[in-house]
Asker: 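Encoded as structure tokens, here's the structure I'll be asking about.
Whatever order the structure lists them in is the order used to number ligands and atoms, beginning at 1.
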Amino acid sequence: MSPSNPLQDKHLWVKILLGLVLGIGFGLALSPEAGALFSPERTRVIAEWVELPGLIFMGLLKMVVVPLVICSIITGIAESGSLGFVKVIGTRIILYFVLTSSIAILIGIGITSFINPGSGLSSGFVDHALAQQAEMSAPQTLEGLTIPKRIANVIPTNPAKAQLEKNMLQIVIVALLIGLALLSLPKATGQPILTLCQSGLSIAMKIIEWAMLLAPYAVFGLIANVVIKLGFEAVTGVALYMVTVLLGLGIMFMIYLFLAKFVGQQSIPAFLKAIREAQIIAFSSSSSAATIPVSMKCAEEHLKIPKKVAGFTIPLGATINMDGTALYQAVAAIFLTQVFGVDLSTGDMVLLLVTTVGASIGTPGIPGIGIVVLATILTGIGVPAEGIALILGVDRILDMCRTTINVTGDLTATVVMNRWVKE
Ligand code: ASP
């Protein structure tokens, strides 16, 4: 074991977990609502400094994510050796993603209808949250996020702009097309670009290795910062709703373990061990896109998945497969119908399913975006979008959990695909 290669540090995972636990404790100690140790002003300054390693770590991951996705998809396709292979894996993975997203949504709808968290909500809490919403401006703009617009937008007319704006879906499409074109050309013609991508991939992976040195401190800082800012009052108001989301995500997690074991032929403890670094980074960063580099590492180095599979499934999955987000959106939508007494017909339910699957494809893997897209889904089924105010306070914590499930889903898809394409 060489200490200069942190990803081979057997204790890295323990250090990252320790960072997580200590970060939560530190955040609670500093949280104004949990009895602050310092004045709000001083707490703010401390929180900023504590978050610094986290910001540097996230900066490094985000810096390499675009070249990494481009290079890994291009080399993955080129190294697969045939258009036939790409066609098989491409068709299967899209079907798989649509299927698992639909299962996630059905679990969300089923569990929320069963638990009925919206019925017991105090009217005082609802009125207070709605009044606050009226005073607040929207958390992020919804413009350009309508589902048909997103679908029409997947082909970038200007690939440089797509990179500049980090539009992952567009970047994935460009890389897929370049990879496919390379496969269709005589080997010598495409070789310079392929060599460039192979080298780019190695450079990106090296930078990620360095970034991982910071991971335990980064996780500590990121999580402490989130906990300091968390509104505990908001949590108690919608506790049953939170429990419903978490229970649904837990069921989805069990389904992944089942798939990894029986379809991917993995031992469950080994699978969990292999993916835990990616899970903790997803949990602390709330961004499946920023976690791509770590997921790639876990897939290739720990799970031993060939580049031609992982290089394809991880970036694609992080971009279009968000089962955790889809499940969360279904729970939130049904919860709000219960709060506002809106009756959904079977047609509305089908519409909810279709729009949520569509939304999960077009939703970027960045923090907090799931709730923004939820507004579009709600409008589609006739639920007042202002209802989002009720669940906004607890969104960050649910975002952390759903992002962990999103990333686990991508890694499960990778072991499943690896098995399917071998056969
Ligand atoms: N934060 C989630 C992700 O990156 C997306 C969301 O649900 O907000 O996967």
Asker: Do Y328 and D395 pass the side chain to side chain donor-acceptor pair (under 3.5 Å) test, and can you show the C-alpha distance, the side-chain angles, and the key distance before you say yes or no?
Answerer: CA-CA 10 Å; Y328 148 83; D395 190 60; 3.1 Å; yes
Asker: Any idea which atoms of ligand 1 are less than 4.0 Å away from a heavy-atom of G370?
Answerer: 6 (C), 7 (O), 8 (O)
Asker: Quick check: I366 and ligand 1, any N/O pair under 3.5 Å apart?
Answerer: yes
Asker: Would you indicate which of A282, C401, S288, A359 comes nearest to atom 4 (O) of ligand 1 when only heavy atoms are counted?
Answerer: S288
Asker: Quick one: does G365 get an N or O within less than 3.5 Å of an N or O on ligand 1?
Answerer: yes
Asker: Is there a donor-acceptor contact under 3.5 Å from the side chain of T112 to the main chain of I334?
Answerer: no
Asker: Counting only heavy atoms, tell me which of T403, I369, N321, V407 gets closest to atom 2 (C) of ligand 1.
Answerer: T403
Asker: Is it the case that Q170 and E165 place a side-chain donor and acceptor less than 3.5 Å from each other?
Answerer: no
Asker: Does NZ or CZ of K308 fall inside the cone over F85's six-membered ring, less than 6.0 Å from its centre and within 45° of the axis?
Answerer: yes
Asker: Could you state the interatomic distance from CD1 (I103) to CD1 (I107), rounded to the nearest 0.5 Å?
Answerer: 7.0 Å
Asker: Quick one about T403 and N406 (side-chain donor to acceptor, distance below 3.5 Å, no hydrogens or angles considered), yes or no?
Answerer: no
Asker: Short list, please: which atoms of ligand 1 are under 4.0 Å from a heavy atom of S287?
Answerer: 4 (O)
Asker: Any atoms of ligand 1 less than 4.0 Å from a non-hydrogen atom of T325? List them with their elements.
Answerer: 5 (C), 6 (C), 7 (O)
Asker: Please could you name the atoms of ligand 1 that G368 approaches to less than 4.0 Å, counting only its heavy atoms?
Answerer: 8 (O)
